Amino acid sequence: MQVIKQNYGSIDGQTISKFTLVNDQGMTISFLDYGCTITEIIVPDRNGKFENIVLGFDNLEAYQSYSFYFGSIIGRVAGRIKGASFELDGNIYTLAKNESRNCLHSGTEGLHQVKWRGEIVNKGNDVGVKFSYLSPDGEGGFPGNLCLHVTYTLNQLNEFTILYEGVSDKRTLINLTNHTYFNLSGKLNTSVGEHWLKMASDQFVELDNEMLPTGRLLEVKGTPFDFRNWRKLKDGMNSNHQQNKLAGWGYDHPFLLNREKEIMLFEGESGRTLKITTTEPAVVLYTGNMLEGDFLISGNVKVHKYLGLCLETQALPDAVHHSHFPSITFEQGEKYQSQTMYYFGIEEGPG
């Protein structure tokens, strides 16, 4: 097990570093101290061929220029906040409007575009990096000086864990996630429509025309949103269900997870699997419906629709405006903690 640290560039005179975790199985995960951004995850297929399975860029300037949040930590509050404002303790807090009249992924001062302090950690069978950042009171419009830690660790079982921790000196909102785009094929010019997904979820959140939660929880039964048994993602991409059409012919929806809180992803040609477990109540499935533009990503691939998918473990978006959603409000001094584990393997899978 080893951790490699390299210079990746600079922003405003600050050196940006890339860290790479390597285990004895040959699995590697690389990420930056800029936004805690995951740039590569290299794992074998059923024939032992190692390939990168996430979307990213080859240089720092591209991460700054294009706003698809590739591989980054999202916060202070992930997802959309209606009207780019919220009320807390009688005070109205105004946020940046970066998607029409709403705030997406905490606006123009999100955690995805700040430099974090990285400290290499070695816990015997695990190696990793603990990132720290102090988000000052008022950053992005949110109250409280928020002390944050995000720890990435890898073990010999090809298990990658993200531990999120935070504490604020004022009552505030916290809902962090990671925005990595996966494509298990290892061929990053192919659609994820052929990926199979299974997750323990009976309900998903209905969205309105602005992609904001209406507050209604819909049953997955009898819809393309039923992933309680294996289903291909292309079912939603080709569906006439109003919610699939609303999202741009695919998925961009929060799913409430059942007690098992387990998510499974499989790609048939490579045999690669991804198993996710989390402490969070929900996951947002996004199938890259809006990925488009005249630019290249790593591997010299032109970005296009359905090139990758995100599985963003988190609390429900816009929870501050829906009292029946799990709360994202934290008291002064109350500890925020969340953990998501990703296991990368090889299986025969469905079909």
Side-chain angles (χ1 to χ4, degrees), residues 12 35-36 67 69 72-117 131-150 162-179 205-217 252-254 256 279-284 312-339:
D12 298 329
C36 303
S67 58
Y69 309 97
S72 297
I73 291 297
I74 304 299
R76 297 183 182 193
V77 176
R80 294 170 176 85
I81 296 178
K82 184 176 183 178
S85 67
F86 63 93
E87 181 179 350
L88 198 61
D89 298 330
N91 298 310
I92 302 295
Y93 293 94
T94 302
L95 314 174
K97 297 178 180 179
N98 64 330
E99 189 186 66
S100 184
R101 66 188 188 97
N102 305 309
C103 179
L104 174 64
H105 293 330
S106 298
T108 54
E109 295 185 295
L111 300 176
H112 63 286
Q113 51 192 8
V114 300
K115 176 179 166 59
W116 295 62
R117 179 170 54 85
F131 290 109
S132 303
Y133 177 69
L134 177 61
S135 178
D137 184 19
E139 184 171 55
F142 295 94
N145 293 295
L146 178 60
C147 181
L148 291 164
H149 302 287
V150 173
I162 304 180
L163 174 65
Y164 309 83
E165 299 172 289
V167 64
S168 172
D169 63 1
K170 288 183 182 178
R171 196 163 186 250
T172 194
L173 307 183
I174 314 175
N175 184 22
L176 307 186
T177 193
N178 179 274
H179 209 285
V205 176
E206 182 185 57
L207 303 178
D208 66 16
N209 290 330
E210 294 182 281
M211 302 301 293
L212 289 161
T214 65
R216 292 182 62 200
L217 300 177
D252 191 4
H253 290 77
L256 269 178
T279 59
E280 286 300 295
V283 62
V284 174
E312 305 161 55
T313 54
Q314 59 180 91
L316 294 176
D318 203 31
V320 69
H321 291 130
H322 300 279
S323 59
H324 59 295
F325 285 4
S327 177
I328 60 170
T329 302
F330 285 79
E331 303 297 328
Q332 175 185 349
E334 181 184 0
K335 186 175 182 180
Y336 164 84
Q337 184 168 307
S338 169
Q339 180 172 291

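Since this is a predicted model, take the numbers as computed values, not measurements.
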Inset, instruction - Could you tell me which non-hydrogen atom of Leu212 sits nearest to which non-hydrogen atom of Ile81, and how far apart they are? - result: CD2-C, 4.3 Å
Legend entry - Any donor-acceptor pair under 3.5 Å from Ser106 side chain to Val77 backbone: yes
Legend entry - Nearest atoms (heavy-atom pairs only) where Cys36 meets Val150: SG-CB, 4.4 Å
Inset, instruction - Might you point out which heavy atoms bring Ile328 and Ala315 nearest each other, and give the distance in Å? - result: CG2-CB, 3.5 Å
Inset, instruction - Check whether any side-chain N or O of Arg76 sits under 3.5 Å from a backbone N or O of Thr172 as a donor-acceptor pair, and report yes or no. - result: no
Inset, instruction - Not counting sequence neighbours, which residues clear side chain to side chain donor-acceptor pair (under 3.5 Å) with Ser132? List them please. - result: His149
Legend entry - Separation between CG of Leu316 and CG of Leu256, rounded to the nearest 0.5 Å: 5.0 Å
Inset, instruction - Over all heavy atoms of both residues, which pair between Leu104 and Asn98 is shortest? Give the atoms and the distance, please. - result: N-OD1, 2.7 Å
Legend entry - Flag side-chain contact, heavy atom, 4.5 Å: Leu148 against Leu176: yes
Legend entry - By salt bridge (charged side-chain N to carboxylate O under 4.0 Å, His left out) - contacts of Glu334 (at least two apart): none
Inset, instruction - For residues Tyr133 and Lys115, report the shortest heavy-atom separation together with the two atoms involved. - result: CD1-O, 3.7 Å
Legend entry - Partner residues of Asp208 under the side chain to side chain donor-acceptor pair (under 3.5 Å) criterion, sequence neighbours left out: none
Inset, instruction - Check salt bridge (charged side-chain N to carboxylate O under 4.0 Å, His left out) between Lys170 and all other residues, then give those that pass, not counting sequence neighbours. - result: Asp137
Legend entry - Partners meeting side chain to side chain donor-acceptor pair (under 3.5 Å) with His112 (sequence neighbours left out): none
Legend entry - Distance, nearest 0.5 Å, that separates CG of Asn178 from OG of Ser72: 7.5 Å
Inset, instruction - Keeping to residues at least two apart or across chains, list the salt bridge (Lys or Arg N to Asp or Glu O under 4.0 Å) pairs with something in residues 319-330. - result: none
Legend entry - Presence of salt bridge, Glu99 and Arg80, under 4.0 angstrom: yes
Legend entry - Exercise: identify the closest heavy-atom pair between Trp116 and Leu111: NE1-O, 3.3 Å
Legend entry - Set of residues satisfying side chain to side chain donor-acceptor pair (under 3.5 Å) with respect to Gln339, sequence neighbours excluded: none
Legend entry - Between OG1 on residue Thr177 and CD on residue Gln314, distance to nearest 0.5 Å: 5.0 Å
In a table with atom names and distances, give each donor-acceptor pair under 3.5 Å that connects a side chain of residues 82-96 to protein atoms at least two apart or in another chain.
{"unit_1": "Asp89", "atom_1": "OD1", "unit_2": "Arg171", "atom_2": "NH1", "d": "2.7"}

Inset, instruction - Please name all residues satisfying side chain to side chain contact (heavy atoms under 4.5 Å, CB included) with Pro213, sequence neighbours left out, ordered by chain then number. - result: Val205, Leu207, Pro317, Asp318, His322, Phe325
Inset, instruction - Kindly write out the residues that satisfy salt bridge (charged side-chain N to carboxylate O under 4.0 Å, His left out) with Glu280, not counting sequence neighbours, or none if the list is empty. - result: none
Inset, instruction - Evaluate the criterion side-chain contact (heavy atoms from CB on, under 4.5 Å) for residue pair Asn102 and Glu210; output intermediate values, then yes/no. - result: CA-CA 9 Å; Asn102 305 309; Glu210 294 182 281; 3.2 Å; yes
Legend entry - Expected output: side-chain His105 to main-chain Gly79 donor-acceptor under 3.5 Å: yes
Inset, instruction - Please check if the side chain of Gln113 supplies one atom and the backbone of Thr108 the other of a donor-acceptor pair under 3.5 Å. - result: yes
Legend entry - Aromatic ring pairing Tyr336/Phe330, orientation class (parallel under 30°, perpendicular over 60°, tilted between): perpendicular
Legend entry - With sequence neighbours excluded, residues passing salt bridge (charged side-chain N to carboxylate O under 4.0 Å, His left out) with Glu109: none
